[in-house]
Amino acid sequence: MIRTISIHRHKSFHSTNAHSVQIPNKPATYVYGLNGAGKSSIGEVVDGLARNDPAFAHCRIETTDNARYRYLVYNHHYVERLIGQPIQGIFTVGEVDTVRQQRIQDIETRNGELDVLIADATTSVKAAESNLAKELVRAKDEIWKAHDWGKKTVLASLLEGYGRNKEKFFTDLRTHALPENGQLDTIERLERCWADVSGTESERALVSLDTSALSRIENDPIWGEVVEVSTSSRLAPFVAELGNADWVARGQAYTHKDQCPFCQQGLPHDFREELARLLEGERKAKVDRISLLVQSYAVQLDALEQRTQTILTDPDAREAGVEPAWTQARGAFHDTLTALRRKEAQPGEAVSISPVNVDALVEALAKLNALIADFNARIRDRRGERERIKTMFFQVMHAERMDAYAHHDALLGPLQEAETQAKAGLQARGQERDGLNTELRELRRLQKGVDASIDAINDRLRSLGITAFSIDRKTDEDRVYCLVRPGIATSETKSLSEGEKTLIAFLYFMESLKGSHDEHENVDPRRTIAVIDDPISSLSQNYVYDIATMIHRELAKPDGRPQLVKQVIVLTHNLYFFHELIRQHKTSLPRAHNHCGLLRVVKNAYSQVEALDPTKLLNDYDVWWQILRDAKDGKIPTQIVPNAMRNILEQFFTFTTGSSDFPVAVQQLADADTSSKYAALDRFVDRGSHRDAINGPPIDWTEYDVPYLLGKFRAMFDAIGQEPHYIMKMGEDALEPVHA
């Protein structure tokens with residue numbers, strides 16, 4: 001339906017600012033306006049736009065659903081075009097085959113139902129698509145968090161090319177599922193690998209630590225052996241009995257001359273020789289061996305420590321766990337060295353030495369060598385390694401967003417199912433409608449003809465009591481109508497009176513809504529909008545009811561009858577006809593706007609269209625009061641004021657004094673008041689409403705102040721004791737001063 005009509009630079013509408021006429025969302029809208037207010041311009045604009053007249057290119061029609069409609073406009077231009085030339089036949093649906101016609105009506109009814117169902121299905125599809133789109137946006141935002149995280153890493157350059165394209169990232173990341181073994185590098189590891197292949201470092205040598213020499217020393221049986229003194233000395237039994245050979249050996253260094261270094265007593269003359277004989281020989285050889293082994297162990301351990309320090313500088317040593325393994329082994333080695341030195345100091349005591357367990361160290365070194373080998377392999381193929389790192393990087397991001405993908409998939413299934421069902425429903429309804437429309441076109445093709453519209457127009461004429469003329473096919477021109485009068489061989493349309501022209505044109509217009517001059521055109525009433533301007537102009541008052549009923553029953557509210565139009569807009573200056581249109585819908589005027597659209601056209605400098613309250617336009621008398629209220633508000637020009645005053649005063653004095661002659665009533669007032677102000681008012685309204693035929697100079701209406709004129713008008717009502725009537729009709733405050 002029409003939602004707005006934008007009128008710009010046409011007749012009495014503004015020449016620079018477009019005026020938007022807001023059409024209520026009702027099947028029928030009625031527009032009231034005085035002659036000259038600009039209501040006919042509305043129909044002319046619709047007609048001009050329908051005919052693609054370039055003169056109306058600056059105007060515009062907006063519809064509620066942005067659909068294309070067929071606009072048919074009845075106005076005086078339509079009457080002139082129709083009557084001034086041969087009347088073209090209308091190809092409409094006839095009533096010959098009632099079974100076929102009933103099927104047509106059934107299809108049209110079902111199509112109307114399908115329109116509603118398709119609209120609902122379309123809404124469902126849009127809602128389903130919207131829900132899917134919203135979920136995709138939400139999911140893409142969730143997955144994009146991985147992108148934001150990745151941009152903060154050393155690998156940010158691998159995300160170049162995405163920009164803000166969340167959809168591409170969402171799709172690409174999903175393809176990087178976890179590797180088959182489920183093992184992922186850490187982001188720190190990937191960053192180091194990227195640094196490796198991004199630098200210029202060459203291959204690194206594998207590392208090793210040889211602890212075999214230490215192991216051999218640790219496994220020497222001498223550590224558990226008790227080193228005894230030589231038996232060739234006569235002191236041997238005594239020292240052996242005391243078990244202090246180690247103490248004696250340490251004291252040997254303190255013997256000087258022939259005096260005991262401990263008790264300061266004289267020693268036997270051969271004591272020193274016997275002491276030397278006691279500690280020499282096999283014992284000395286073993287002691288020397290122990291010292292040599294201890295020294296070798298310390299040297300090997302020192303070399304091992306130095307080698308290990310070099311290994312610990314390897315970039316992958318920490319990841320391989322070399323340092324903690326070495327710390328543990330080093331502690332054990334030093335503990336062993338301490339035990340060996342204790343044996344060296346006390347050869348006569350047995351020491352239990354367990355080989356140091358270097359399995360953890362060996363394992364760490366093996367892991368380090370694997371990392372070094374991996375590094376060497378990477379730098380031998382830097383390009384391939386970069387691709388591997390990128391793949392793994394995306395796999396890491398995918399793993400981090402795996403739950404987000406799973407949640408999206410869980411939500412997606414029901415939403416897609418809802419969309420599929422909605423689209424299937426829409427498709428089914430559409431296919432049903434297409435099938436019905438195909439059948440409908442064939443039925444109408446079989447039914448179409450110009451005879452149906454001839455019969456319909458003549459039936460309408462007879463129903464209106466008109467028998468003086470009818471229409472028929474023109475001789476030898478089956479597609480042209482002609483006027484027929486009883487007993488007259490040839491009749492022309494120019495013989496019609498103005499009222500008859502209006503009537504025949506309107507009936508022809510009503511039939512044209514059903515069909516077209518083109519027999520091949522498929523007329524869709526759901527895409528037809530009718531605009532009717534003053535259909536009772538020049539008609540007898542008797543036809544007001546007929547025309548109003550026809551518009552209501554066939555166009556505005558076709559209950560149980562075939563729909564002819566989607567929307568009808570009626571424009572009129574006849575208040576009686578306007579009320580009759582409204583009362584066809586609702587006898588209660590305050591509730592009429594719930595059933596039909598009601599608008600009013602007013603004009604001061606320019607025409608404007610506004611909403612109308614039907615309770616304020618009860619009859620012609622109220623209309624004249626409305627005009628005065630509009631003049632007071634500056635909505636209409638001052639020129640209309642005198643005529644409105646005259647009509648009010650004539651009707652008022654006719655009712656109150658019984659005299660239809662307003663000057664007589666004024667004279668009665670003048671007889672009671674010596675002032676001439678009432679007679680002056682009489683002359684003003686006479687000249688302003690052109691009651692007398694005297695031509696004088698043009699009136700400059702800008703010199704007249706509407707409040708001043710209304711003040712005199714109010715004073716007249718006050719003079720006869722009817723000021724409350726004036727106040728009620730004008731909606732003024734009773735305390736306002738009266739300007740006499």
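Computed from heavy atoms alone, side chains included, the values below leave out hydrogens, waters and symmetry copies. Given the structure is predicted, the values throughout are model-derived calculations rather than measurements.
- Classification of the F394-Y162 ring pair by plane angle, with boundaries at 30° and 60°, yields tilted.
- No side-chain heavy atom of I217 sits less than 4.5 Å from a side-chain heavy atom of I353.
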(request) Could you walk me through whether D141 and K166 pass the side-chain contact (heavy atoms from CB on, under 4.5 Å) test, one step at a time? (result) CA-CA 7 Å; D141 287 341; K166 295 183 180 180; 2.8 Å; yes
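- Under the 4.5 Å side-chain criterion, counting only non-hydrogen atoms from C-beta, L599 is in contact with P24.
- Side-chain atoms of K145 do not come within 3.5 Å of backbone N or O of R401 as any donor-acceptor pair.
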(request) Check step by step if salt bridge (Lys or Arg N to Asp or Glu O under 4.0 Å) holds for K423 and E129. (result) CA-CA 10 Å; K423 287 184 175 179; E129 291 175 341; 3.6 Å; yes
(request) For the pair D374 and R189, evaluate salt bridge (Lys or Arg N to Asp or Glu O under 4.0 Å) and give the outcome as yes or no after the intermediate values. (result) CA-CA 12 Å; D374 182 56; R189 168 73 175 162; 2.8 Å; yes
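- At distances below 3.5 Å, not a single donor-acceptor pair connects side-chain atoms of D302 with backbone N or O atoms of A298.
- Ion pairing between D106 and R110 fails under the 4.0 Å rule for side-chain N and carboxylate O.
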(request) Could you please spell out the steps behind the salt bridge (Lys or Arg N to Asp or Glu O under 4.0 Å) verdict for D120 and R429? (result) CA-CA 10 Å; D120 293 342; R429 304 299 186 191; over 6 Å; no
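- By the neighbour-count criterion of 12 heavy atoms within 6.0 Å, atom CD of E167 is sparsely surrounded, having that number or fewer from other residues, nucleotides or ligands.
- Closest non-hydrogen pair, Y405 versus R174, comes out as OH-N, 3.3 Å.
- Taking the six-membered ring where tryptophan is involved, the planes of Y69 and Y71 are tilted, since the angle between them lies from 30° to 60°.
- Taking 4.0 Å as the cut-off between side-chain N and carboxylate O, R192 and E319 count as a salt-bridged pair.
- Using a 4.0 Å cut-off between a side-chain N of Lys or Arg and a carboxylate O of Asp or Glu, R388 and E385 qualify as a salt bridge.
- For the 3.5 Å distance criterion, the side chains of E218 and Y297 qualify, holding a donor opposite an acceptor.
- Side-chain atoms of Q306 and T308 include no donor-acceptor pair closer than 3.5 Å.
- Among all heavy-atom pairs drawn from I290 and P347, the shortest one is CD1-CB, 4.3 Å.
- Classified by interplanar angle (parallel below 30°, tilted 30° to 60°, perpendicular above 60°), the ring pair H8/H58 is perpendicular.
- The ring of H408 has its center closer than 6.0 angstrom to the ring center of F170.
- Residues satisfying the side-chain hydrogen bond (donor to acceptor under 3.5 Å, both in side chains) criterion with R341, sequence neighbours excluded, are absent altogether.
- When every heavy atom of A404 is checked against every heavy atom of E142, the shortest pair comes out as CB-CB, 4.2 Å.
- Comment: D220 engages R289 in a salt bridge, judged by a side-chain N to carboxylate O separation of less than 4.0 angstrom.
- In this structure, H176 has its ring center at least 6.0 angstrom away from the ring center of F393.
- With a 4.5 Å cut-off on side-chain heavy atoms, T211 and V356 do not count as touching.
- With no hydrogens or angles considered, no side-chain donor-acceptor pair links Q608 and H19 at under 3.5 Å.
- Side-chain atoms of T64 come within 3.5 Å of backbone N or O of M1 as a donor-acceptor pair.
- The closest side-chain donor-acceptor pair between E417 and Q421 falls under 3.5 angstrom.
- Ion pairing between a basic and an acidic side chain is recognised when a charged N comes within 4.0 Å of a carboxylate O; K367 and D316 show no such pairing.
- Between M402 and L178, the closest side-chain pair of non-hydrogen atoms falls below 4.5 Å.
- Closest approach of Q567 and I2 over heavy atoms only: OE1-N, 2.7 Å.
- The side-chain heavy atoms of W144 and N165, taken from C-beta on, include no pair separated by under 4.5 Å.
- With hydrogens and angles ignored, the 3.5 Å screen pairs a side-chain donor or acceptor of N376 with a backbone N or O of R204.
- Remark: the E135 side chain and the N131 side chain contain no N/O donor-acceptor pair separated by less than 3.5 Å.
- The local environment of CD in Q295 is sparse, with at most 12 non-hydrogen atoms from other residues, nucleotides or ligands closer than 6.0 Å.
- Nearest heavy atom pair, residue V207 against residue R307, reads CA-NH2, 3.7 Å.
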(message) Show, in sequence, the C-alpha distance, side-chain angles and deciding distance for E323 and R318, and conclude whether the salt bridge (Lys or Arg N to Asp or Glu O under 4.0 Å) test is met.
(response) CA-CA 7 Å; E323 185 172 6; R318 182 173 183 180; over 6 Å; no
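- In this structure, a donor-acceptor pair under 3.5 Å is absent between the side chains of T4 and Q22.
- Counting all heavy atoms, side chain and backbone alike, L184 lies closest to A399 at CD1-CB, 3.6 Å.
- Checking each of L159, L155, I143 against M397 for a side-chain contact (heavy atoms from CB on, under 4.5 Å) leaves exactly one that passes, namely L159.
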